[in-house]
2 protein chains.
Amino acid sequence: MTIFVFMENNSCIRQQADIKQINRCKDRVAELNGSFDYLSNGLELAGNNVRLKILFLLYEEKQLCVCDLSDVLGMTISAVSQHLRKLKDRKLIETERQAQTIFYSLTNEYKNLLEPFFIILDENKILETI
Amino acid sequence: MTIFVFMENNSCIRQQADIKQINRCKDRVAELNGSFDYLSNGLELAGNNVRLKILFLLYEEKQLCVCDLSDVLGMTISAVSQHLRKLKDRKLIETERQAQTIFYSLTNEYKNLLEPFFIILDENKILETI
DNA sequence: ATTGTATTTTAGCATTTGCTTAAATAAACA
DNA sequence: TGTTTATTTAAGCAAATGCTAAAATACAAT
């Protein structure tokens with residue numbers, strides 16, 4: 001049985017396009033599609049300035065409540081709560097109730113994933129890294 | 001000279017709040033403020049599913065043009081071009097013209113910063129890492 | 001049961017995002 | 001010089017985001 005693989009250049013207008021390269025890229029994107037979704041799902045939330053601070057503070061302090069965070073960040077409790085909800089919905093953080101206070105902490109999953117950044121941040125070495 | 005540091009709990013309503021902890025957090029946020037800005041600036045863009053793919057493809061292939069990317073991603077050239085513009089405006093990528101084709105590539109700065117993620121993605125080990 | 005404390009949720013609104021389609025540039029080449 | 005090729009830009013629009021202010025919920029303590 002012969003399988004014909006037509007590597008025609010049907011959408012890229014560029015005439016000198018490297019069709020092998022393009023097909024390699026297509027395969028790669030298809031192969032890693034789930035990982036892209038997972039990663040962008042997390043980075044989308046971590047990319048917000050306020051939420052990045054929240055995530056980092058939880059990394060450093062292990063656990064904090066909305067009220068602590070609203071104080072630290074100088075924001076409304078309601079605003080912070082809404083950020084926490086997004087982070088919780090997507091499993092970046094989890095909750096534990098202690099009496100009347102609800103403490104938030106990083107899930108292990110995302111602690112591991114975001115750690116490379118937190119280490120850089122922790123040492124304030126952003127400018128050295130780049 | 002004596003400096004009085006009033007550690008009153010003036011905004012967090014929670015009565016048992018750990019004021020030392022809150023002040024430590026406030027100092028940390030103030031100290032790392034520039035780094036938070038820098039990092040969220042990049043992650044905000046990398047957090048988009050399409051742009052994450054673009055960044056990763058540039059990481060793997062060294063350089064690609066809009067047309068290649070539009071083909072690989074199955075998107076309009078215009079749509080991809082607008083993503084590339086954002087990435088270029090914020091210095092995540094840079095351009096080099098070769099004849100009629102404009103090639104995009106990662107800046108060293110962000111190649112280093114995003115590398116931890118790309119390595120995980122590259123090996124498709126997201127599920128092992130977390 | 002009632003009050004107080006901690007937090008979430010809802011509705012509303014201005015702003016931003018990401019796309020589409022169409023028009024505009026920019027440089028190579030006949 | 002005009003045409004082709006590669007790409008960007010602009011206008012427009014639906015959907016998403018992030019906040020405020022007000023109302024609702026959850027649990028503790030009396």
Side-chain angles (χ1 to χ4, degrees), chain A residues 9-18 22 36 40-41 43-55 58 63-90 92-105, chain B residues 9-18 22 36 40-41 43-55 58 63-90 92-105:
Chain A
N9 187 7
N10 52 357
S11 58
C12 184
I13 337 162
R14 192 168 137 252
Q15 291 185 325
Q16 304 90 330
D18 180 342
I22 288 181
F36 281 125
S40 64
N41 180 61
L43 295 185
E44 190 178 351
L45 294 188
N48 175 279
N49 194 289
V50 172
R51 283 191 298 258
L52 184 64
K53 285 173 186 160
I54 291 176
L55 291 168
L58 293 179
Q63 61 168 34
L64 291 165
C65 68
V66 228
C67 192
D68 295 336
L69 286 166
S70 94
D71 198 346
V72 170
L73 300 170
M75 292 176 61
T76 298
I77 288 182
S78 170
V80 174
S81 179
Q82 285 172 74
H83 280 301
L84 290 172
R85 193 187 201 292
K86 287 190 181 182
L87 293 169
K88 194 187 173 191
D89 283 350
R90 297 209 202 164
L92 300 232
I93 62 176
E94 57 198 357
T95 54
E96 192 202 325
R97 175 157 226 143
Q98 284 171 26
Q100 306 195 61
T101 307
I102 294 169
F103 284 99
Y104 286 87
S105 57
Chain B
N9 186 7
N10 51 359
S11 58
C12 186
I13 337 159
R14 194 168 136 251
Q15 291 185 324
Q16 305 89 329
D18 180 341
I22 288 180
F36 281 125
S40 64
N41 180 62
L43 295 187
E44 190 179 350
L45 293 188
N48 174 280
N49 194 290
V50 171
R51 283 190 299 258
L52 184 63
K53 285 174 187 162
I54 292 175
L55 291 168
L58 293 178
Q63 60 168 34
L64 291 165
C65 68
V66 229
C67 192
D68 296 335
L69 286 166
S70 93
D71 198 347
V72 170
L73 300 171
M75 292 176 63
T76 298
I77 288 183
S78 171
V80 174
S81 179
Q82 285 171 73
H83 280 300
L84 290 171
R85 191 186 202 291
K86 287 190 181 181
L87 292 169
K88 195 188 173 190
D89 282 351
R90 298 211 201 162
L92 299 234
I93 62 177
E94 58 198 356
T95 53
E96 192 202 325
R97 175 157 226 142
Q98 284 172 26
Q100 305 195 62
T101 307
I102 294 169
F103 284 99
Y104 286 86
S105 57

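In what follows, every chain begins at residue 1, and chains take the letters A, B, ... in the order their sequences are listed.
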Practice task
Kindly point out which of C/dG18, D/dT7, C/dT8 is positioned nearest to the side chain of B/Asn48?
Solution key: C/dG18
Atom pairs, protein N/O to nucleotides 14-16 of chain C N/O, distance under 3.5 Å:
none

Exercise for the section: Classify every nucleotide of nucleotides 20-30 of chain C by which part a protein heavy atom approaches to under 4.0 Å, writing B for the base, S for the sugar-phosphate alone and - for neither, in 5'-to-3' order. Expected result: BB-----SS--
Practice task
To the nearest Å, give me how far apart CG (A/Asp89) and P (D/dT17) are.
Solution key: 12 Å
Practice task
Grab the two heavy atoms, one from B/Cys67 and one from B/Ile77, that are nearest each other, plus how far apart they are.
Solution key: SG-CD1, 4.2 Å
Practice task
Grab the CG-P distance between A/Leu73 and D/dC19 for me, whole Å please.
Solution key: 10 Å
Problem - Gap between atoms CG and C1', on A/Leu84 and D/dC19 respectively (whole Å) - result: 15 Å
Handout entry: Sub-4.5 Å side-chain heavy-atom contact between B/Val50 and B/Val80
Key = no
Practice task
Could you grab the distance from atom CD of B/Gln82 to atom CZ of B/Arg51, nearest 0.5 Å is fine?
Solution key: 11.0 Å
Handout entry: Heavy-atom check, side chain of A/Leu58 versus side chain of A/Leu64, under 4.5 Å
Key = yes
Practice task
Round to a whole Å and report the spacing from CD1 of A/Ile77 to P of D/dC19.
Solution key: 15 Å
Practice task
Drop me the distance from A/Ser70's OG to A/His83's NE2, to the nearest 0.5 angstrom.
Solution key: 12.0 Å
Problem - Gap between atoms CG and P, on A/Leu69 and C/dA6 respectively (whole Å) - result: 15 Å
Handout entry: Within 6.0 angstrom of B/Arg85 CZ, more than 12 heavy atoms from elsewhere
Key = no
Completion exercise
In short, A/Leu45 meets A/Leu92 closest at the heavy-atom pair CD1-CG, 4.2 Å
Exercise for the section: Work out which heavy atom in B/Ala46 is nearest to a heavy atom in A/Leu43; give both atom names and the distance. Expected result: O-CD1, 4.1 Å
Practice task
Considering non-hydrogen atoms only, spot the tightest contact between A/Tyr104 and A/Ile93 and give its length.
Solution key: CD2-CD1, 3.4 Å
Practice task
Determine: side-chain N/O of A/His83 to OP1/OP2 of D/dC19, distance under 4.0 Å, yes or no.
Solution key: yes
Exercise for the section: May I ask you to say what A/Lys86 touches in the nucleic acid, namely base, sugar-phosphate or nothing, with a heavy-atom cut-off under 4.0 Å? Expected result: sugar-phosphate
Practice task
Provide, to the nearest angstrom, the distance between the NZ atom belonging to B/Lys88 and the C1' atom belonging to D/dT9.
Solution key: 13 Å
Practice task
Report the distance from atom CZ of A/Arg85 to atom C1' of D/dG18, rounded to the nearest whole Å.
Solution key: 15 Å
Problem - For atom CD1 of B/Ile54 and atom C1' of C/dC19, their distance in whole Å - result: 13 Å
